[in-house]
Amino acid sequence: MPVADYIPTIGLEIHVHLKTRSKMFCACATSYGDDPNTRTCPTCLGLPGALPVLNEEAIKMTILTGQLLGAVTPEFCKWDRKNYFYADMPKNYQISQYDQPLVVGGRIPLYDQYFPKHQRGGAGADGVLATVPLTRIHLEEDAGKSTHFGTSSGLDYNRAGTPLMEIVTDPAISTADEAAALLASLRQILVYAGVSDADMERGQMRCDVNVSVRKSAAEPLGAKIELKNINSVAAVRRAIVFEIERQCGELDRGLAQRQETRRWDDERGESTDMRGKEDAHDYRYFPDPDLQPVCTTQWLNEVRSRLPELPHALRARFGHDYGLTPYDAGVLTSEPALAAYFEEAAAGSSKAKSVANWIINELLGRLNEGQTDFSANPVSAAALRELVDLVEGGGISGAQAKEVFSEMFATGGAPAAIVQARGFSQVSDTGALDGFVQQVLAANPDLVARIQAGEAKVVNVLVGQVMKASGGKANPKRVSELLAQALG
Ligand code: ZN
Ligand code: MN
């Protein structure tokens, strides 16, 4: 039967590096790009006798994430050893949480802007198109990193012991697009919450994908195939599309599916057999005797008192407070620094919509051209507001404003100084403009006659002539008004 007739079921396990200064169970600094094995100590190297000490900040960040996603933090959580052997994990076990995690339940909102264009629409002012239920969120430690060179391998333990938050969704996702939108939305939420930079390229967010297919909703879920450690949203999307087709093809040929772990090779665009998937009992989980269970009450109260505003709440507020369209609000909330910049520039301006347009069309356009991100923005919020006030107040023309903006972007200069240096003031004064208007009317009796005969559009020709006579300095809106008065 065709692929479209099968029902796919997808669940994600997402590992996120928390943005703490030190590691999960020792005082070593968390780091990226340092020389190998320069951020280690007996604890994160797993030397005998070294004892773990909990990182409170990591616990608070995990509870915070749960609160933001509407989840529950039980009163107690505990720590377990997940036993397996691998060279990048010298203790031969990972400290994780098995049956008493920090966070249970919750839902991840999927943002409209992260779906392909044809699937968007139907979201409210907050841009939330759907939500996906979560099973749990627990805290554990990352392993070191192996690099394989031909006949030998290198091991770097700088990453070993980095706080790792694992977010597990219910098997409630049905398309690759939905999975991709979930990852992009989650990343945005984690960045807003300040708990992670969640940069997939740097391995700060990695995703395991579980996929199964079945022929009808009446059947139980099919055998779960797990694809490990995929490190980009695009690769997750490709892996899911491939895996659904592969499993449907096998079922079509009458091949029974069995639970297994497969490796996704993004360059070749295919998954290959890795190992039969172990069950939980293969890891021989048991409570870590070096760590006490944790009572969460105090941290939960602390976290609840300072919940940050999430991107979807901000989008709804931008629509309501500034009259922005959902699209504009979506662009301006794509990162916290940009949203704060817009609010600063729009504060006290009656032209918030115009401020939004200048940021989206001119500022972000130029930053894109230069392939720089928003942190490199040379235009202060106050300068942008001043520029918008100048154009909207008729002090300079739209075309002049674009030139002024170019110079502000290049030099970081103030709009008023640039306007003055270039002699860009716009003439709105009636006395000064009246002379030009009379002069143009006298020189064009034929056009005046056509306007009076009902050809209203011809007035634009006269506006152009007045602009020309003024050397481009007349305020075109004011000129139109004066011509309309003169022509009665
Ligand atoms: Zn250490
Ligand atoms: Mn894990």
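Along the sequence shown, residues carry numbers from 1. Both ligands and their constituent atoms are indexed starting at 1 by order of listing.
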Participant: Applying salt bridge (charged side-chain N to carboxylate O under 4.0 Å, His left out), name anything that partners Glu344, two or more places apart in sequence or on another chain.
Facilitator: none
Participant: Name the residue from Ile10, Leu186, Leu182, Asn210 that meets the side-chain contact (heavy atoms from CB on, under 4.5 Å) definition with Thr169.
Facilitator: Leu182
Participant: Closer than 2.8 Å to the Zn ion (ligand 1), which protein N, O or S atoms?
Facilitator: Cys26 SG, Cys28 SG, Cys41 SG, Cys44 SG
Participant: Could you go through the ring pair (Phe, Tyr, Trp, His ring centres under 6.0 Å) check for Tyr322 and Phe342 one step at a time?
Facilitator: CA-CA 10 Å; Tyr322 301 106; Phe342 164 73; 5.0 Å; yes
Participant: Using the ring of Tyr32 (Phe, Tyr or Trp, six-membered ring only), decide whether Arg202 places NZ or CZ under 6.0 Å from its centre and within 45 degrees of its axis.
Facilitator: yes
Participant: Do the two ring centres, one from Trp79 and one from Tyr98, sit under 6.0 Å apart?
Facilitator: no
Participant: Pick one: which of Asp142, Asp197, Asp199, Thr162 meets side chain to side chain donor-acceptor pair (under 3.5 Å) with His17?
Facilitator: Asp142
Participant: Just to verify, what does Lys351 make a side chain to side chain donor-acceptor pair (under 3.5 Å) with, not counting sequence neighbours?
Facilitator: none
Participant: Inside 2.8 Å of the Mn ion (ligand 2) but strictly below it, how many protein N/O/S atoms are present?
Facilitator: 3
Participant: Does NZ or CZ of Arg315 fall inside the cone over Tyr111's six-membered ring, less than 6.0 Å from its centre and within 45° of the axis?
Facilitator: yes
Participant: Are Lys402 and Phe405 in a cation-pi contact, defined as NZ or CZ under 6.0 Å from the six-membered ring centre and within 45° of the axis?
Facilitator: no
